[in-house]
Amino acid sequence: MDKFTSLLAKEFSRREEHIENILRLLDEGNTVPFIARYRKEMHGTTDDQTIRAIADRLAYLRGLDERKAAVVSAIEAQGKLTDELSAAIENAQTLAEVEDIYRPYKQKRRTRATIAREKGLAPLAELLLSQTVTSGTLEALAAPYVNEEKGVMSTDDALAGAGDIIAETISDDAAIRAALRRLYRTRGVLWAKAATDEDSVYRLYYDYREPVSRVQCHRVLAVNRGEREGMLKAGVEIEDALALQEIRRAVFRGISISNAFVNACCEDAWRRLIEPSAEREIRGELTDAADEAAIRAFGQNLQPLLMQPPLRNRVTMGFDPAYRTGCKIAVVDETGKVLETGVVYPTPPHNRKDEARKTLTAMIRRHGVTAIAIGNGTASKESEIFIADMIRDLPGVAYMVVNEAGASVYSASKLGAEEFPDYDVSLRSAVSIARRLQDPLAELVKIEPKSIGVGQYQHDMPPARLDETLRGVVEDCVNSVGADLNTASAPLLSYVAGLNDTAAKNIVAYRETNGAYPSRAALKKVPRIGPKAFEQCAGFMRITGGKNPLDGTSVHPESYEAVEKLFAKLNMKTEQISDGPTAFFIKDYKKMAEEIGVGEITLRDIIKELQKPGRDPRDEMPRPILRTDVLDMKDLKVGMILKGTVRNVIDFGAFVDIGVHQDGLVHISQMTKRFIKHPLEAVSVGDIVEVKVISLDLAKKRIGLSMLLDK
């Protein structure tokens, strides 16, 4: 059994055998999506997010274990390791605790205390700190340590050096640092003040103080960014009296002639050595916690955005708005294949609206366009007004404003150039915008997750941690939907469990050379797809209309034989799967599972899939709102009730697109009558919600919304 099994079982409230199986599966190189979907009997249906959290925690614990071993080895090499010290290191729960214990034994640069020790003043420091001498004078205690050869010219020099040693000893004390860290967390205050006279977006923090125990993550990130941009000065502080009280409690041992001297050393240790580093540590803790919360929120926003339902079976026009350079147009068919591109100039300074109307109307009629995707960037509002007016004469055509974040990144990328080598960068953007409406997941996987434009402060996050988390979100989305082996792009395939960029490109290259894959088994012929990679990815691949209808479902090839046995026992044929939803009548799932050689959970998953073969989980999400008319902020009135789409969820609320180009803000207090800690408890990106306009500021383009319609 892994040494961390019991601890993880307690932390995640799972059975020990389930945790042990998860750890073993991870160590064997299995991917999280594969474990979550196809090894449920082994872990008791633990979901993919929990498995990822277990994997992250395991990595931390193993890293902590390695650090403990390194610290023990380093102290042992100095000949200073004791049983008590070894036990303290072993019992440490965090890296910070280990580093606190190791601090006195670390190789330090030359400090005032180091120099004092070299002068032979350590025994004097120990004597003074012990506070056992109750009579005489400090000068008398220091006199034997006066040594002109070593640079100790007087008793004052000796006492000063001893004081430096005591201050450093106090500073290096693990228990004192732990107590002060707790004090910062409970009684500390995060403060900020203006570092400039000019007005800025950080004006709320020009005179700001908030207890560390209550500060919200988005405020920590705002203060950090303001400080980084030179607009704020900031820090964390506690009252000196509280800190010194904690230090004295640990240091004082009774009445002695050295009490006052040690007290002065306590003050020196606090102000010169402990406070600056402790403040940095707490700022670091606050930042790490805020980063993790922001990354988690970003992931929670990204997931529903990627899982927005595709707009199936519609020829779509992508409209990338602009002013001077004109609006770029791309028409794509139902599969995303580009049919026609062009440029029109209906916006200022050209205002060639009649010409643009004629050109676009002809395009729409020529290709049977029924949906128009308008990018939400520069000139979007003017473009939306133009499109809404144009389609009044085109029944059956509707539009939607699409978040174009990252489209320009994709257009200028190597991938964009490879996909459309003959197209201008701006025309690639129009294609991307059209495809985003048709199939958000397939298109958005081509863009770095952090460029997709949901969440907050994502560009301030630690890049490696952000990328790791967001890749996990994209992987979970791609694998929950599955990928069509004969149409999926290399970027989409690269997120399938068990595949990387090289394997994905090889799959596409093999398809282009040899034609459509007839079966999942044909994947084994692709270079770099070995038995392990095939095992991990096969269940997430789909082949529509293939020889084996099971290839179009989420049933894993390892279960095909079991499905054949199941159908034989039920006097059914697998060909029935191709006919659509199939009814199954099984009285005893446990008995049937044993007879066909699979677990009961796996059997239930197989039946669920075959009842709706090849179902897309995105179809259960709210449908996108297509519009035929347009509103302007000037048309809004306080009290008006509208339907909108949640575009982004942040710590203090959610931005909702109500069709006026400017998203409105629903503050967390206006979401629900029940208490919630975070807006994600009430809404997700992509949700369709009814909102009431509660405030308008036309000058600042701010719209206040409420989901509490009866208020």
Can you check whether Ser695 reaches Val638 side chain to side chain, under 4.5 Å on heavy atoms? no
Gly375 backbone acceptor or donor facing Ser380 side chain under 3.5 Å: yes
Qualifying residues under side chain to side chain donor-acceptor pair (under 3.5 Å), relative to Asp56, sequence neighbours excluded: none
Restricting to side chain to side chain donor-acceptor pair (under 3.5 Å), what partner residues turn up for Thr46, sequence neighbours left out? Arg14
Donor-acceptor check, side chain of Asn21 to backbone of Met42, threshold 3.5 angstrom: yes or no? yes
Main-chain N/O of Ser554 paired to Glu609 side chain as donor or acceptor, under 3.5 Å: yes
Step through the shown structure and confirm whether more than 12 heavy atoms of other residues, nucleotides or ligands are within 6.0 Å of CZ on Arg465. yes
Can you tell me how far the CG atom of Asp476 sits from the CZ atom of Arg37, to the nearest 0.5 Å? 10.0 Å
Looking only at side-chain N and O atoms, does Thr287 offer a donor or acceptor that is under 3.5 Å from a partner on Arg283? no
Taking atom CD of Gln49 as the centre, does the number of heavy atoms from other residues, nucleotides or ligands within less than 6.0 Å exceed 12? no
Between Ser669 and His667 (side chain of the first, backbone of the second, donor and acceptor by atom type, cut-off under 3.5 Å), is there such a pair? no
Exam field: side chain Lys446 to backbone Gly416, donor-acceptor pair closer than 3.5 Å: no
Would you check, one step at a time, whether the test side-chain contact (heavy atoms from CB on, under 4.5 Å) holds for Leu636 with Ile703? CA-CA 9 Å; Leu636 297 179; Ile703 306 168; 3.8 Å; yes
Closest heavy-atom contact between Leu26 and Ala55? CD1-CB, 3.8 Å
Would Glu475 and Arg471 pass as an ion pair if we require N to O under 4.0 Å? yes
Is Phe4 close to Ile54 at the side-chain level, that is, under 4.5 Å between some pair of heavy atoms? no
State the CE-CZ distance between Met231 and Arg203, to the nearest 0.5 angstrom. 10.0 Å
Backbone of His218 reached by a side-chain donor or acceptor of Asp651 within 3.5 Å: yes
Close side-chain approach of Pro310 to Arg618, heavy-atom, < 4.5 Å: yes
When rounded to the nearest 0.5 angstrom, what is the spacing between CH2 in Trp191 and CG in Asp207? 11.0 Å
With sequence neighbours excluded, tell me which residues meet ring-ring contact (aromatic ring centres under 6.0 Å, His included) with Tyr205. Tyr208
Would you say Val693 and Leu705 make side-chain contact, with heavy atoms under 4.5 Å? yes
Any side-chain donor-acceptor pair under 3.5 Å between Glu16 and Thr5? no
I'd like to know if Lys612 pairs up with Asp619 as an ion pair, taking the criterion as any Lys NZ or Arg NE/NH1/NH2 lying under 4.0 Å from an Asp or Glu carboxylate oxygen. no
Sequence neighbours excluded, which residues qualify as side chain to side chain donor-acceptor pair (under 3.5 Å) partners of Arg181? Asp100, Glu281
Looking at residues at least two apart in the chain, or sitting in another chain, which of them share a side chain to side chain donor-acceptor pair (under 3.5 Å) with Asp657? Arg647
Any Arg436 side-chain heavy atom under 4.5 Å of Leu444 side chain: yes
Just one of Val685, Leu680, Val683 clears the side-chain contact (heavy atoms from CB on, under 4.5 Å) bar with Pro304, so which one? Val685
May I ask you to decide if Ala289's main-chain N or O and Glu292's side chain share a donor-acceptor pair within less than 3.5 Å? no
What I'd like to find out is whether the side chain of Asp616 reaches to under 4.5 Å of the side chain of Arg312, using heavy atoms alone. yes
Strictly distance-based, threshold 3.5 Å: is any side-chain N or O of Arg57 a donor or acceptor partner for the main-chain N or O of Leu8? no
Does Ser489 reach the side chain of Glu419, with side-chain heavy atoms less than 4.5 Å apart? no
Val649 vs Phe655 side-chain heavy atoms within contact, under 4.5 Å: no
Any ion pair linking Arg177 and Glu99 (charged N to carboxylate O, less than 4.0 Å)? no
Rounded to the nearest 0.5 Å, what separation is found between the CD atom of Glu690 and the CD1 atom of Ile658? 12.5 Å
Could you tell me the separation between the CD1 atom of Ile374 and the OG atom of Ser383, rounded to the nearest 0.5 Å? 6.5 Å
Please test Arg209 against Glu237 for side-chain contact (heavy atoms from CB on, under 4.5 Å), starting from the C-alpha separation and ending with a verdict. CA-CA 10 Å; Arg209 293 178 66 82; Glu237 64 184 22; 2.8 Å; yes
Between Arg187 (side chain only) and Tyr184 (backbone N and O only), is there a donor and an acceptor less than 3.5 Å apart? no
Under the side-chain contact (heavy atoms from CB on, under 4.5 Å) criterion, do Tyr202 and Val223 qualify, and how do the steps go? CA-CA 8 Å; Tyr202 303 106; Val223 167; over 6 Å; no
Please give me the minimum heavy-atom distance between Asp635 and Met640, naming the atom from each residue. O-CE, 3.3 Å
How long is the span from the CG atom in Leu25 to the CD1 atom in Ile35, to the nearest 0.5 Å? 5.0 Å
Sequence neighbours excluded, the answer for ring-ring contact (aromatic ring centres under 6.0 Å, His included) partners of Tyr495 is none
Evaluate the criterion side-chain contact (heavy atoms from CB on, under 4.5 Å) for residue pair Lys673 and Phe675; output intermediate values, then yes/no. CA-CA 7 Å; Lys673 291 178 180 177; Phe675 173 76; over 6 Å; no
Sub-3.5 Å donor-acceptor pair from the side chain of Asp687 to the main-chain atoms of Val689, do we have one? no
Would you say that more than 12 heavy atoms from the other residues, nucleotides or ligands in this model lie under 6.0 Å from the CZ of Arg214, or not? no
